Amino acid sequence: MELEVRHLRALCAIADTGSLHKAARQLGMSQPSLTTQLRRIEHAVGGQLFARERTGCRPTPLGRVVLSRARPLVVEMRALVTEARATAARADDGTPQLRIGSTASRAIPGWLRRLRHRMPGTETSLQMDVSANALLQMVAAGQLDIAFVHEVEGCPLRLPDGLRRRVLLDREPQFVSLAADHPATRKDVVHLTDLAEDRWMVDPTVDGEWDGLQRMLREAGLNPRVLHGDYLTAATLVATGEVVTVCQPTSVARPDMAVRPLAGDPLGVRLLVAARTTAELDAVYGELEAAYWEAAAESPAYQGWLLGSRPDMRPDDRPGDRPGDRPSDRPGERSTTPVPIPVAVPVSAPPPPPDLGPATSQDLRPTLL
């Protein structure tokens, strides 16, 4: 058997994840198929590349040598494909394309609206996915230009080599959605112990969310029954009182469903946007930031949390207004300085109708106190 780029990509995935199971999921194949492929690769190179241990897979000395040569080749092939796809992405008439990928967010409609009006000659496409890691891989492979994703606390994402990222919010607290007639809704802030008798629902296909929920409940000393299901199903079951579920703070309550902050903010996510170049980030970041805070301003629960969390914030404390506030764009580097959290208050003037396009970011961004 001759080694191909797909074989080298598989070796890199196993090394990066430390697990055949996780690598198979990342590569979109079954674990038995990946195990068989690894055996053939090891037969082709003449030795064992990974030591199988109880904690996962660890490269052998031979594996480290092969990986040191494989990684540059995979990166070069990715760059070749990226350049070719970027060229092919333009229509015959020269219309530029903007391919966006995102995990679920209420900021998406406002973001697309703003981009459409700021770049009227650009054809924008959107691909939603529950896996932030899959979207980041698609950006690295040239299948997407931009990815807006969330990283669950304690479950770091795998940022592919060569990508640049910018943090929109260093820590977004996660709220809880529950039936409107649930006894806990009598409080403005819900304690996890108030939900000790409830069943929870989580979508295990969303990167990090199952682990994040389990850790949150374990630290609270709770061991409730947890059901698996997508969040559309979860919303239906929440409304009927069957389950409670973690939700984004920008979620808006309904007559049959309430949204509340959790006491102590036991679970948070980092919101970030990634691209292959800083220029691509600069082209979309301002519109995304404005759209996010517009969505935040539409959620009374989030408004209340923001007002209560940072009552001492002054106008000159706005993130990004001072040198050094904006997280680094260098590949793989994460912000180590906490990003100040804006405090949202009701906007005095109503936002423009969707068909009129966006005003400036300052018009819709929540005011800082």
Side-chain angles (χ1 to χ4, degrees), residues 9-10 12-28 56-57 71 74-75 78 82 99-105 107-108 111 126-174 202-216 231 246-250 266-278 280-281 284-285 288-289 292 326-339:
R9 190 177 295 115
C12 293
I14 297 170
D16 291 341
T17 62
S19 162
L20 283 169
H21 174 72
K22 292 179 180 178
R25 181 178 177 181
Q26 178 179 312
L27 295 167
C57 295
R71 291 189 186 279
V74 171
V75 170
R78 183 183 298 144
T82 297
R99 300 162 298 166
I100 294 175
S102 179
T103 51
S105 172
I108 295 299
W111 188 23
L126 175 66
Q127 176 165 334
M128 305 297 295
D129 200 301
V130 296
S131 173
N133 283 305
L135 291 170
L136 293 174
Q137 289 289 339
M138 293 179 71
V139 174
Q143 296 169 294
L144 293 172
D145 302 307
I146 299 290
F148 174 43
V149 298
H150 69 276
E151 178 183 66
V152 178
E153 206 165 47
C155 305
L157 297 175
R158 299 181 296 274
L159 193 71
D161 294 338
L163 288 195
R164 299 180 181 273
R165 66 103 176 95
R166 187 166 296 163
V167 175
L168 174 65
L169 198 61
D170 196 60
R171 190 179 193 273
E172 179 193 66
Q174 298 301 281
V202 66
D203 186 344
T205 64
V206 180
D207 290 343
E209 296 217 359
W210 167 251
D211 291 335
L213 177 64
Q214 287 285 85
R215 183 173 58 255
M216 179 185 74
Y231 283 103
V246 170
C247 67
Q248 298 174 7
T250 51
L267 182 63
V269 304
R270 184 196 304 262
L271 301 179
L272 58 93
V273 58
R276 291 182 298 277
T277 67
T278 301
E280 289 174 306
L281 286 176
V284 302
Y285 182 81
L288 174 59
E289 185 179 38
Y292 177 82
R326 188 173 298 283
S328 170
D329 295 331
R330 290 194 294 271
E333 181 174 335
R334 297 189 178 277
S335 170
T336 57
T337 303
V339 177

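From a predicted model like this one, the values you see are computed outputs, not experimental measurements.
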Quiz item: In a check of side-chain contact (heavy atoms from CB on, under 4.5 Å) between F148 and each of V284, L272, I108, which one passes?
Solution: I108
Quiz item: Can you list the residues that meet the side-chain contact (heavy atoms from CB on, under 4.5 Å) rule with E209, with sequence neighbours excluded?
Solution: H150, V152, V202, V206, Y231
Exercise. Could you grab the distance from atom CD1 of I14 to atom CZ of R9, nearest 0.5 Å is fine?
Key: 13.0 Å
Exercise. Taking the side chain as every heavy atom from C-beta outward, state whether S105 and T250 have any pair of such atoms under 4.5 Å apart.
Key: no
Quiz item: What distance separates W111 CH2 from S102 OG, expressed to the nearest 0.5 Å?
Solution: 6.5 Å
Practice problem: Hey, could you give me the CG/CD distance between L267 and Q174, rounded to the nearest 0.5 Å? | Solution: 5.5 Å
Quiz item: Do V246 and M216 pass the side chain to side chain contact (heavy atoms under 4.5 Å, CB included) test, and can you show the C-alpha distance, the side-chain angles, and the key distance before you say yes or no?
Solution: CA-CA 11 Å; V246 170; M216 179 185 74; 4.1 Å; yes
Practice problem: Indicate yes or no for a side-chain donor-acceptor contact from R276 to the backbone of G162 under 3.5 Å, with no hydrogens or angles considered. | Solution: no
Quiz item: Does a donor on one side chain and an acceptor on the other come within less than 3.5 Å for T205 and D203?
Solution: yes
Quiz item: Can you list the steps and then say if R71 with D16 is a salt bridge (charged side-chain N to carboxylate O under 4.0 Å, His left out)?
Solution: CA-CA 11 Å; R71 291 189 186 279; D16 291 341; 3.0 Å; yes
Quiz item: A132 and D207: which non-hydrogen atoms are nearest, and at how many Å?
Solution: N-OD2, 3.1 Å
Practice problem: Nearest 0.5 Å please: distance from the CD atom of E153 over to the CG atom of D211. | Solution: 13.0 Å
Exercise. To the nearest 0.5 angstrom, please state how far the CD1 atom of I146 sits from the CD atom of E280.
Key: 5.5 Å
Self-check item: Any E172 side-chain heavy atom under 4.5 Å of R270 side chain
Solution: no
Practice problem: Taking all non-hydrogen atoms of both residues into account, name the closest pair between Y285 and V167 and its distance. | Solution: OH-O, 3.4 Å
Exercise. Might you point out which heavy atoms bring L281 and V273 nearest each other, and give the distance in Å?
Key: CD2-O, 3.6 Å
Quiz item: If you take all heavy atoms of T103 and S131, which pair is closest and at what distance?
Solution: CG2-C, 4.4 Å
Quiz item: Where is the tightest heavy-atom contact between C155 and G208, given as atom of each residue plus distance?
Solution: SG-O, 3.6 Å
Quiz item: Just how far is it from atom OG of S19 to atom CD of Q26, taken to the nearest 0.5 Å?
Solution: 10.5 Å
Exercise. State whether the side chain of D129 and the backbone N or O of L135 hold a donor-acceptor pair below 3.5 Å, judged by distance alone.
Key: no
Quiz item: Counting only N and O atoms by type, is there a donor-acceptor contact under 3.5 Å from the side chain of R99 to the main-chain atoms of G142?
Solution: yes
Self-check item: L271 to Y292 - nearest heavy-atom pair and separation
Solution: CD1-CE1, 3.5 Å
Practice problem: Name all residues meeting the side-chain contact (heavy atoms from CB on, under 4.5 Å) criterion together with A10; count only those two or more places apart in sequence or in a different chain, and write none if there are none. | Solution: L27, L34, Q37
Quiz item: Hey, does the side chain of E151 reach the backbone of L157 with a donor-acceptor pair shorter than 3.5 angstrom?
Solution: yes
